[in-house]
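See below for the structure under consideration.
Letters go in sequence order (proteins before strands), and every chain restarts at 1.
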2 protein chains.
Amino acid sequence: MGDSSVIDPAAIISHKFPETTYTYNERDTALYALGVGACLRDALDDKELKYVYHQDGQQSIQVLPTFAALFSLGITSKIAQLPGMVYDPRLLLHGQQYIEIYKPLPSSGCIQNKVSVSGLHDKGKATILECEIVSYEKDTGELLCMNRSAVYLRGAGGFSKSSLPYSYSKYPSNQNLAFKIPKSQPFAVFEDCTQPSQALLYRLSGDYNPLHSDPMVAEIAGQSYHQMYLQRRSELD
Amino acid sequence: MGDSSVIDPAAIISHKFPETTYTYNERDTALYALGVGACLRDALDDKELKYVYHQDGQQSIQVLPTFAALFSLGITSKIAQLPGMVYDPRLLLHGQQYIEIYKPLPSSGCIQNKVSVSGLHDKGKATILECEIVSYEKDTGELLCMNRSAVYLRGAGGFSKSSLPYSYSKYPSNQNLAFKIPKSQPFAVFEDCTQPSQALLYRLSGDYNPLHSDPMVAEIAGQSYHQMYLQRRSELD
């Protein structure tokens with residue numbers, strides 16, 4: 001596992017991705033909101049309905065902030081084409097999705113995405129690769145949001161000295177500190193459950209990974225994740 | 001009610017509608033299937049999943065036959081522009097949707113629609129107007145399906161002699177006979193219920209009538225339909 005992996009830090013962090021665009025309309029934003037469960041219990045709840053319908057016309061609907069994550073869709077296929085990297089794509093895990101939002105997203109628009117490598121870390125048995133997608137409204141050039149997607153490449157680590165493992169970050173290392181999980185008990189607890197068809201609806205927003213729709217792929221992946229879980233547990237014991 | 005209505009049969013039945021096109025893709029067909037409840041209870045049920053996902057790629061998904069009804073969307077606005085007709089649009093009811101399907105619908109395509117008036121009937125207090133939408137695959141010219149939408153225009157009848165009320169049909173009068181409701185008891189009964197957000201999802205397939213999404217419009221319409229129901233009952237008593 002990972003024997004044939006190649007990680008060339010210089011080639012990776014100096015890579016220039018081409019800019020991409022993402023176009024969406026009010027139907028897409030409403031579909032996204034329904035896909036993550038808006039109005040699932042109550043179609044009259046105006047706190048949720050405002051993301052799906054507006055009496056003044058669909059251009060007045062609000063956009064859920066997490067809609068911004070869609071702008072980073074396709075990053076996995078971009079990573080697959082990065083020069084200076086050979087790894088087993090079956091061992092890739094989406095490790096983190098970090099989002100900064102600078103202004104409310106328009107109900108429709110054409111978005112321009114600037115993509116760059118923002119982090120690369122040798123974790124010995126694995127490599128963590130971070131990519132930043134900075135998104136602008138194409139017409140106005142206004143900065144809207146930033147996604148940072150981290151992928152965990154199992155079996156592709158150990159490309160630097162274990163005594164001084166390679167670690168590169170484009171952003172300040174204390175940036176994530178603001179989001180520390182508090183040690184106190186939560187003030188409130190809300191429990192909810194998704195619908196059986198929720199993943200089938202959500203994927204129409206662009207995440208066509210068969211993991212979320214193909215019963216056979218899901219079963220195989222489930223077994224594989226379970227194996228991984230058991231392995232991690234045995235390592236921790 | 002209906003005092004100012006005008007129905008000019010000669011102008012109406014001789015009207016030539018311009019051809020229209022309707023373009024859709026696999027995402028639209030999957031969204032439609034989810035909108036009418038596919039996989040609502042079970043995302044693994046392959047009898048329903050085949051309308052939403054296919055392991056060989058989305059171009060292999062099947063299309064629900066009733067997807068054909070979407071090709072007739074917008075007929076109400078076309079009727080509103082018919083020469084020789086003045087009526088109160090608030091009193092319009094969608095009376096019947098008749099569909100003939102000649103071959104399975106493709107998972108994506110560009111559809112060419114030929115629209116014509118196929119029926120006009122003076123019912124005294126109301127007029128029934130029927131429009132036929134015959135749909136072809138644009139690339140091949142192949143005939144796919146036919147929709148016949150009947151609208152019931154309350155308050156717009158009485159434009160002909162009550163002793164010999166006007167009635168025009170482009171199609172044989174026995175065509176609907178094949179669909180007579182049998183008098184026997186059903187062989188099987190299946191009960192189901194829709195989700196609270198079902199109408200909000202379904203409308204993304206193109207039926208943007210606020211009746212299905214706006215709580216206030218729905219309430220007013222509900223009261224109006226209830227009044228109509230009470231009136232019809234009192235007429236029948």
>> Using side-chain heavy atoms (C-beta onward) and a distance below 4.5 Å, is B/Leu200 in contact with A/Glu48?
In response: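 No, their side chains stay 4.5 Å or more apart.
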
>> Can you confirm whether A/Leu49 sits close enough to B/Ser213 that some side-chain heavy atom of one is under 4.5 Å from a side-chain heavy atom of the other?
In response: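 The answer is no; the side chains never approach within 4.5 Å.
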
For the student: nearest non-hydrogen atoms of [X] and [Y], plus distance:
X	Y	answer
B/Leu40	A/Gln195	O-OE1, 4.3 Å
A/Leu34	B/Leu204	CD1-CD1, 3.9 Å
B/Arg203	A/Val52	NH1-O, 3.6 Å
B/Asp42	A/Pro196	N-CB, 4.1 Å
B/Cys39	A/Ser197	O-CB, 3.2 Å

>> Does B/Asp192, at its CG atom, have more than 12 non-hydrogen atoms belonging to other residues, nucleotides or ligands within less than 6.0 Å?
In response: yes

> If you count the non-hydrogen atoms of other residues, nucleotides and ligands that lie under 6.0 Å from NZ in A/Lys138, is the total more than 12?
Replying inline: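 Open.
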
>> Set out, in order, the CA-CA distance, both residues' side-chain angles and the distance that settles side-chain contact (heavy atoms from CB on, under 4.5 Å) for A/Glu219 and B/Leu44, then state yes or no.
In response: CA-CA 11 Å; A/Glu219 195 176 333; B/Leu44 306 181; over 6 Å; no

Examine whether an atom of [X] lies under 4.5 Å from a heavy atom of chain A, and if so say whether it belongs to the side chain, the backbone or both; otherwise answer neither.
X	value
B/Ala38	backbone
B/Asp214	both
B/Asp28	both

> How far apart are the C-alpha atoms of A/His212 and B/Tyr53, what are their side-chain angles, what is the distance that settles it, and do they pass the side-chain contact (heavy atoms from CB on, under 4.5 Å) test?
Replying inline: CA-CA 10 Å; A/His212 309 306; B/Tyr53 169 76; over 6 Å; no

Engaged part of [X] at the chain B interface, taking heavy atoms whose separation is under 4.5 Å:
X	result
A/Ala199	neither
A/Arg41	backbone
A/Gln58	side chain

